[in-house]
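Okay, structure first, notes after.
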Amino acid sequence: MTLKLNDVTKHFGRFTAVDGLSLEIPEHQIFGFLGANGAGKTTTFRMIIGLLDATDGKITWNGENIDYSKSNYIGYLPEERGLYPKLKVRDQLVYLGRLRGMAKNDIIVELKDWLERFKVPEYLDKRIEELSKGNQQKIQFISAVIHKPKLLILDEPFTGLDPVNVEMLKQAVVDLKEQGTSIVFSSHRMEHVEELCEHLCIMQQGKPVVHGSLKEIKRSFGKKNLFVNADFNLEYLKDIPGVVGFKGLPDGCKLQIESEAISQKVFAAIQDKGFVRRFELEEPSLNDIFIEKAGESYE
Ligand code: ATP
């Protein structure tokens, strides 16, 4: 059940939103889809689920084109949430579940389970407009997964949620993966991606600039972070050849170094200068990689 995008392009008039994107989304995994605002993530999702036609290229799932007959296997949480404010949660979900081919009784059973799990059983007979934004999002999430899709596409699922709800939704996503769902999600929060995804892709202006397994991406980035805490001024370290970044911290500094070997030069340079509390080499964060590769700062 692999999802494959082969040289997919989308033009809006003269503008190219997605530009020759080829990807293979591994089965039973959570795949992270990243990129600055406007990079083409939502457009790609819309093409995957058939809301938009690709200008060029091919999208297949398990070797077949995705069309209406597959919609029961796909779940989609859109970026712009779209529930009917006047409907009760129960009626909204029954409506959406029926569209996905479920029987009414099964929908109610599943819905009650999910509301229980999200600690809001009392919402069953509330109107959507009576719920807070974050709670509406839980309902929207339920509507994306109630029919147990095999492929789940989540466009910024954690935006606007408080930390407790983020954890609750994250756990739900992990559980779905463990039950065999293949999941693609977009996020601007790198720590969520680091925590959840084995594979990911970073888009820039419609093209993938980084693509692969998180481990491999970090390894091949080469640069590392070196944290030094000391009771003397460390600014001179930024002049050591191979030190490519310097950020002062309240009790020390964070250096970005070209390669692991540079840490030895830094070590030599701080010896006998005073008291050193911390000297720690770390893998680059996805945040470091994103900022360099996607070339934009963001929240
Ligand atoms: P964000 O992180 O801000 O949600 P995104 O990566 O999801 O961004 P898209 O929504 O896919 O980005 O948009 C990609 C580009 O395509 C943007 O420049 C956007 O303005 C443009 N675009 C998207 N839909 C249309 C459309 N229907 N007509 C014209 N341009 C569009």
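Counting convention: from 1, in listed order, for ligands and their atoms alike.
Under the 4.5 Å side-chain heavy-atom criterion for ILVMFWY residues, no single connected hydrophobic cluster contains both Leu281 and Phe221.
Under the 3.5 Å distance criterion, the side-chain polar atoms of Gln136 are left unmatched by any main-chain donor or acceptor of Glu129. Put simply, the side chain of Arg219 never gets that close to the backbone of Glu283: no donor and acceptor are under 3.5 Å apart.
Side-chain polar atoms of Gln171 and Asp175 form a donor-acceptor pair below 3.5 angstrom.
Among the atoms of Phe12, none of the N or O lies under 3.5 angstrom from an N or O of ligand 1. Checking only distances, Arg46 never comes within under 3.5 Å of ligand 1, N or O to N or O. Below 3.5 Å of separation, one finds an N or O of Thr42 facing an N or O of ligand 1. Between Ala17 and ligand 1, not a single N/O pair is under 3.5 Å apart.
Interface of Glu156 with ligand 1, defined as ligand atoms under 4.0 Å from a residue heavy atom, comprises 2 (O), 4 (O). Close approach of ligand 1 to Glu79 (heavy-atom distance below 4.0 Å) involves ligand atoms 4 (O).
Ring planes of Tyr73 and Trp61: tilted class, angle from 30 to 60°.
Contact record, Asn72 with Leu99: OD1-O, 4.2 Å, taken as the closest heavy-atom pair.
When only non-hydrogen protein atoms are considered, atom 11 (O) of ligand 1 lies nearest to Thr43 OG1, 2.6 Å.
With a 4.0 Å cut-off on non-hydrogen atoms, Met203 does not touch ligand 1 at all.
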